[in-house]
Amino acid sequence: MIALRQVTFARAGRPLVIDASVQLHAGWKVGVVGANGCGKSSLFALLANELHAESGDVELPATWQIARVTQETPALPDAALDFVLDGDVELRRVEREILAAEAAGDGVAIGHLHARYGEIEGYSAKARAAEVLHGLGFSDADFTRPVAEFSGGWRVRLNLARALSCRADLLLLDEPTNHLDLDAVFWLESWLKNTPATLLLISHDRDFLDAVVGQILAIDLQRLTLTTGGYSDYERARAARLSTQQSAYEAQQREIAHLNSFIDRFRAKATKARQAQSRIKMLERMETVAAAHVDSPFHFAFRQPDALPDPLLSVEKAAAGYVDRSILQNISLTLRPGCRIGLLGRNGAGKSTLVKLLAGTIAQQGGERKEAKALNIGYFAQHQLEQLRLDESPLQHLARLEPTTPEQELRDYIGGFDFRGDMAMRAIEPFSGGEKSRLALALLIRTKPNLLLLDEPTNHLDLEMREALTFALQDYEGGVVFVSHDRHLLRTCADELLLVADGKVSEFDGDLDDYAAWLANQRMAEKAQEPEFAAEKTDRLQQRADAKASRQALLAQRRPLIKEIEQLEKKMAKWNEEKAMLDTRLADPALYAAVDRRESDELHRQAAKLVDEIGAAEERWLDAQHELESLPPA
């Protein structure tokens with residue numbers, strides 16, 4: 001059990017949580033939520049003993065092993081599989097000690113170490129690590145690649161694999177779904193639901209939280225609050241509390257009136273029907289969501305595009321790829337104002353390639369491309385963050401785009417993304433990934449695009465910003481094509497799903513639950529199509545099982561001999577001590593000066609008996625040592 005008793009902790013002298021008391025039981029899976037900077041990551045540091053409480057007590061079982069995902073991965077020459085296995089410190093230590101004992105020919109140590117290796121499941125460690133790596137999107141060929149060859153996002157996955165492969169009692173995961181695609185998110189969700197470890201999970205993915213956790217630990221206004229259920233349960237409880245505030249109620253009613261007005265005006269108009277349906281979706285969710293987010297620091301909307309030509313962009317029989325390989329063929333797609341297209345597909349299938357093709361950042365290979373004269377593309381991908389100027393403030397970035405716009409207007413706009421006061425004037429270099437993503441989105445939205453192309457726009461964004469983005473996209477009149485592992489965003493914003501698979505782009509007839517079933521069928525089909533690999537894997541597993549059984553049989557032969565040798569050594573030590581005492585007495589002249597010689601005779605008999613026993617024991621000890629040394633190492 002984890003117990004916090006009247007705990008206060010701070011960062012850089014700023015209190016984050018004050019006088020908090022909470023108990024988390026072993027085996028619980030707990031979601032940790034709260035605004036950026038509220039202290040979620042600091043709570044993890046506190047539990048990992050990397051941060052000390054200002055006051056109060058933090059209690060964890062002393063024997064618990066804690067696993068965390070490290071934030072940085074150096075460019076190591078180590079193979080990916082070895083890097084993941086290195087996360088289990090005891091496993092690697094026992095392996096080194098086994099090698100040392102074998103080199104020294106120490107049979108006793110070898111036996112004990114192999115027994116411990118079995119106890120910590122060392123024989124199956126590589127298989128477990130391989131399973132985790134496969135689940136996170138790595139191929140067999142990646143296992144031997146040096147860590148240095150992987151990109152930053154894939155190194156984040158390696159760090160996650162390393163934490164998951166540890167035999168941890170407490171697993172602390174901070175935004176584990178960042179840099180994962182939907183396929184890997186589904187796998188991770190299943191893995192976390194089945195792990196016996198106690199789990200504390202920071203995530204801004206509400207569907208992921210709902211699927212995995214059974215409790216929510218919220219940090220709000222420097223307090224810790226524990227509630228039962230998933231994030232939706234927590235949100236409903238919070239909404240109920242906030243809805244009692246008159247201001248929240250009034251803001252909600254104004255928003256409902258606005259949505260109803262739009263629906264009534266455009267429900268029957270063909271060109272606006274899809275947007276009307278999007279607003280009906282918003283209205284259905286308004287009762288439980290709006291009140292929970294009325295205190296959000298984010299308030300923004302997309303600016304009205306200067307023009308909305310129809311169609312915006314069309315490609316016919318196009319192909320996409322790179323110099324060394326083709327990725328997608330025969331792409332035919334027409335994008336119109338109001339379209340809401342979500343892209344689905346497995347890792348490496350070509351989703352990002354399709355977005356780059358539409359954005360024009362890679363050359364189209366064949367086919368036709370027709371752009372409207374007034375087309376204005378807003379393209380967001382993670383590399384956009386690298387184009388930000390680290391020595392400039394959010395306000396400077398915006399002023400560079402619009403040098404003639406009054407500063408107050410720019411401040412008002414950037415404030416809608418929670419860059420207020422001094423923060424609007426500070427250089428962005430120390431900003432978090434979420435803050436930089438917010439700034440990149442703010443700059444993109446300011447350009448008044450009529451076609452949005454978004455590749456994982458929610459990475460690093462917290463729940464409040466994701467919700468604000470969802471509402472803004474619902475109200476946006478341009479076209480949208482996006483890739484996201486956030487199922488909430490896909491469900492609420494996508495009116496059409498396209499599947500990118502096998503070099504093709506086609507309409508996906510179903511919802512996200514159907515897509516999860518499609519992924520499961522794909523995995524089953526792959527296994528069925530690779531019987532030779534499956535047979536080889538089965539053979540390897542059988543070989544490992546046979547080797548383990550052989551080691552256990554050898555240990556069963558060695559242990560009685562080792563035990564007998566230890567007992568003989570104890571007896572001989574005792575007998576030699578007794579004989580030394582008898583020899584001392586027998587060497588004393590006073591013993592023979594006495595008239596009664598019975599005592600001296602008895603002492604001689606005892607000494608002779610000890611000599612015989614010691615001799616027999618030494619002979620058996622030599623025989624046992626010879627038998628032990630004749631056995632192969634376990």
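As the structure is a computational prediction, the values presented were derived from the model and not from experiment.
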Review point. What do the steps show when you test Ile2 against Trp64 for side-chain contact (heavy atoms from CB on, under 4.5 Å), and what is the final call?
Key: CA-CA 10 Å; Ile2 301 171; Trp64 271 18; 3.8 Å; yes
TODO: Could you give me the CA-CA distance, side-chain angles and deciding distance for Ile219 and Val17, then say whether side-chain contact (heavy atoms from CB on, under 4.5 Å) is met?
DONE: CA-CA 8 Å; Ile219 304 179; Val17 170; 3.8 Å; yes
ask   = Where do Glu189 and Arg487 land on the salt bridge (Lys or Arg N to Asp or Glu O under 4.0 Å) test, with the steps shown first?
value = CA-CA 12 Å; Glu189 183 179 290; Arg487 283 164 286 175; 2.6 Å; yes
Item to complete: Step by step, work out the side-chain contact (heavy atoms from CB on, under 4.5 Å) result for Val483 and Asp181.
Response: CA-CA 9 Å; Val483 179; Asp181 56 13; over 6 Å; no
Exercise. Please lay out, stage by stage, how Tyr123 and His114 fare under the test side-chain contact (heavy atoms from CB on, under 4.5 Å).
Key: CA-CA 10 Å; Tyr123 300 110; His114 273 289; 3.1 Å; yes
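Residue Gly230 comes nearest to Asp210 through the heavy atom pair C-OD1, 3.4 Å, listed as atom of the first residue, atom of the second, then distance. When every heavy atom of Phe186 is checked against every heavy atom of Ala516, the shortest pair comes out as CZ-CB, 3.8 Å. When all heavy atoms of Gln23 and Ala3 are compared, the closest pair comes out as CG-CB, 4.4 Å. Shown here for Ser203 and Leu463, the closest heavy-atom pair between the two residues is O-CD1, 4.2 Å. The two residues Leu180 and Val185 have their closest heavy-atom pair at CB-CG2, 3.9 Å. Closest approach of Leu201 to Phe44, counting heavy atoms only: N-CZ, 4.2 Å.
Distance alone, capped at 3.5 Å, is enough to place a donor-acceptor pair between the Asn576 side chain and the Met572 backbone. Here the side chain of Asp205 pairs no donor or acceptor atom with the backbone of Asp486 at under 3.5 angstrom. Judged purely by atom type and a 3.5 angstrom limit, Thr195 has no side-chain atom pairing as donor or acceptor with the backbone of Leu192. Between the Lys351 side chain and the Gly345 main chain, a donor and an acceptor come within less than 3.5 Å of each other. When atom types are taken as modelled, the side chain of Asp174 and the backbone of Ile202 share no donor-acceptor pair closer than 3.5 angstrom. The backbone N or O of His204 lies less than 3.5 Å from a partner atom in the side chain of Glu175, making a donor-acceptor pair. Between the side chain of Arg155 and the backbone N or O of Ala148, at least one donor-acceptor pair lies under 3.5 Å. Not a single donor-acceptor pair under 3.5 Å links the side chain of Thr458 to the backbone N or O of Arg466. With hydrogens and angles ignored, the 3.5 Å screen pairs no side-chain donor or acceptor of Gln6 with any backbone N or O of Ala20. Remark: side-chain polar atoms of Arg5 are not paired, donor with acceptor, to backbone N or O of Ser21 under 3.5 angstrom.
A heavy-atom distance below 4.5 Å is not found between the side chains of Pro77 and Val147. Side-chain contact between Phe208 and Tyr231 is absent, with no heavy-atom pair separated by less than 4.5 Å. Counting heavy atoms from C-beta on, the side chains of Val30 and Leu199 never come closer than 4.5 Å. Annotation: side chain of Arg620 is in contact with side chain of Glu564 (closest heavy-atom distance under 4.5 Å). Side-chain contact between Leu47 and Val58 is present, with heavy atoms from C-beta onward closer than 4.5 Å. Here the side chains of Asp207 and His485 are not in contact, with every heavy-atom distance at 4.5 Å or above. With a 4.5 Å cut-off on side-chain heavy atoms, Leu133 and Leu158 count as touching. Between Met1 and Leu24, every side-chain heavy-atom pair lies at or beyond the 4.5 Å cut-off.
Ring planes of His179 and His460: perpendicular class, angle over 60° (limits at 30 and 60°).
With respect to Arg346 and Asp183, a salt bridge is recorded, a charged nitrogen being found less than 4.0 Å from a carboxylate O. In this structure, Asp233 pairs ionically with Arg236, as a charged nitrogen and a carboxylate oxygen lie closer than 4.0 Å. With respect to Arg116 and Glu97, no salt bridge is recorded, no charged nitrogen being found less than 4.0 Å from a carboxylate O. At a threshold of 4.0 Å, the pair Glu577-Lys574 does not count as salt-bridged, since none of the basic side-chain nitrogens sits closer than that to a carboxylate oxygen. The pair Arg128-Glu131 does not meet the salt-bridge criterion, since no charged nitrogen lies less than 4.0 angstrom from a carboxylate oxygen.
Aromatic rings of Phe83 and Phe143 (six-membered ring for Trp) have centroids beyond the 6.0 Å cut-off, not under it.
Atom CD of Glu90 sits in a crowded spot, with more than 12 heavy atoms from other residues, nucleotides or ligands closer than 6.0 Å. Residue Asp623 qualifies as enclosed at atom CG: its count of foreign heavy atoms under 6.0 Å is above 12.
Here the NZ-CG distance, from Lys40 to Leu172, works out to 14.5 Å after rounding to the nearest 0.5 Å. Rounded to the nearest 0.5 angstrom, Ile562 CD1 and Gln625 CD are separated by 9.5 Å. Note that OG1 of Thr198 is 9.5 Å distant from CG of Leu171, once rounded to the nearest 0.5 Å. Rounding to the nearest 0.5 Å gives a distance of 14.0 Å between CG of Leu209 and NZ of Lys29. To the nearest 0.5 Å, atoms CG (Leu81) and CG (Asp140) are separated by 10.0 Å. Between the CD1 atom in Ile614 and the CG atom in Leu568 there is a gap of 12.5 Å [rounded to 0.5 Å].
Inspection of the His112 and Tyr117 side chains reveals no N or O donor paired with an N or O acceptor under 3.5 Å. A donor-acceptor contact closer than 3.5 angstrom is absent between the side chains of Thr8 and Asp19. One side chain, Arg11 or Ser42, offers a donor N or O that lies under 3.5 Å from an acceptor on the other.
Considering Arg145, Arg162, Arg92, Lys126 in turn, Arg92 is the only one that fulfils the salt bridge (charged side-chain N to carboxylate O under 4.0 Å, His left out) rule with Asp82.
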